[in-house]
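For reference, the structure is listed below as structure tokens.
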Amino acid sequence: MIQIRGLQKRFGSQPVLRGVDVEIATGEIMVIIGRSGGGKSVLLKHLIGLLRPDAGTVTVDGTEITRLRGAALDRVRERYGVVFQGGALFDSMSVADNVAFPLRERSRLGAAEIRGRVQEKLDQVGLSDMGHKNPAEISGGMRKRVAIARALVTEPEIVFFDEPTTGLDPILVNTIHHLIVDLHRKFRFTAVMVSHEIPEIFEIADRVGMLHDGVIVEVGPPEAIRASANPIVQQFIRGDVETTAAGPPSERGRRA
Amino acid sequence: MFPAPVPESWPLSLRPIAAMGRVCLDVVSALGRFGTFFGQAVGFIVVPPFKLGRLLDRIHFIGFRSLSIVLLTGAFTGMVLGLQVYLTLVRFGSEAYLGPAVALALIRELGPVLCAVFVTGLAGSALTAEIGIMKITEQIDALQVMALNPVRYLVVPAIVAGVITFPLLTSIFDVIGILGGYLVGVELLGLSPGTYYGEMRTFVTWDDLMTGYWKALSFGIIVPWVCTYKGFYCGHGAEGVARATTQAVVLTSVLILVWDYFLGSVLP
């Protein structure tokens, strides 16, 4: 279980997280939704230990990771797989080398076994014959799938997805979501996903948390979020135009 | 990087002082980060596991890829030296000393310095750009979450490769430069080969060779250190990488000259 308690972070004078409280149960798919620039990726970076909070704690199965450094933090990270927003594939390596990289660096497996594991993961993400290609030679959707294969090749207990479908067309969005669900069913990892793919994520999430203005304003199963009475949640789900003191943009246009 | 703006609530008369204070704090903080970065890299050099594959790759990246530019510039530096020193010495009837003059200038000063500056322009800038792009595309974050220390993985092999390749590249630069001086002094201007090499053996001492070696060795640390540091702490986007690359080349070149003067005044 991942427990986040009172997490606060500011960059200069700009507060980004104002006290995030949420728990993520072992084996569930938790999706954090919220507006762009709302701090979702910052929250995720705290969970994977890339940022340190100004206040608050992140506890992973009883280990408080916010104060850990060096080898102690690495021991926690060895249980992680992370799919970055842009894939973060190493562009100096082939697709197969990218997937093999964590195994070569962190495990004691032999070359033949690593090759087998890499091919198995590439098969699972539908890229069986793409191993020899360079990341620059494949499409955006394929790069996301390679990133998923690399994140899962070490068979992690917890997988973090940072907007894994951003910039993809609706068909690819659904393809990636189904792939994540299939792999989750198979390997039963805990998944923490940051996304603003509404309504698609309601189909795959066990629970959804809405991050707004640096705090989690609502958390619950997808149907509860859909039925939420919170106007902020409803505005985000419906994609309503934000109104200001000057009125909605359409009206402002008419007045002008 | 620009310092944070002074709050508007401060009295007008105090704002310039506050701004200066912030600049000073930023400079001290950057120097601390620069030193800590190097200290961390040095720590990893002596602590296993050692990344032999990465080291060989960096030796190829810094050393082999710089070889052609070192050969070309070394030859022309020696030729220019040969010509200009000959034209000067001939006024005093001392053209017999062309060999040692060219050799000493190359071995003690020009070889290590020019070689380091050219390798900075070629491999150092590429190091900064490569690491900078890795940073802005989250590849360095990816290394960290794979429980791999990016300093150990990216910086240590570059520094060790610099320590290995810079003295070798400098030696090649010196030899090619001396041959360039020979080409001009002996083949074009008519000096005898025996005079060119014979006087060189008389005047060039072991201390001169070691001075050049220590300089090359220290530049082999400075160049990868500064260039990888600038890549690690580059700004956002393509502009951030471009600025970091320019800063890396300029700062490294300045440091090479400053350190060269310091070593030149300390070493025999």
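Chain A is the first sequence line, chain B the second, and so forth, proteins listed ahead of strands; every chain is numbered from 1.
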Problem set entry | Under 4.5 Å from a heavy atom of chain B, the part of A:L50 involved | side chain

Exercise. How far apart are the C-alpha atoms of A:F90 and B:Y153, what are their side-chain angles, what is the distance that settles it, and do they pass the ring-ring contact (aromatic ring centres under 6.0 Å, His included) test?
Worked result: CA-CA 13 Å; A:F90 302 119; B:Y153 189 77; 7.3 Å; no

Problem set entry | Flag if over 12 foreign heavy atoms under 6.0 Å of CE, B:M20 | no

Exercise. So do the side chains of A:F160 and B:V145 get within less than 4.5 Å of each other, counting heavy atoms only?
Worked result: no

Problem set entry | Check against side-chain contact (heavy atoms from CB on, under 4.5 Å), A:D91 and B:Q139 | CA-CA 9 Å; A:D91 38 26; B:Q139 293 176 48; 3.4 Å; yes

For this session: May I ask you to name which of B:N149, B:L148, B:T137, B:D141 has the most heavy-atom pairs under 4.5 Å with chain A?
Result: B:D141

Exercise. With side chains defined as the heavy atoms from C-beta onward, is the minimum distance between B:M146 and A:Y80 less than 4.5 Å?
Worked result: no

Exercise. Do you know which of A:K45, A:R75, A:E78, A:R77 has the most heavy-atom pairs with chain B at a distance under 4.5 angstrom?
Worked result: A:R77

Seminar exercise, completed: Applying a strict 4.5 Å limit to non-hydrogen atoms, the region of A:L89 in contact with chain B is backbone

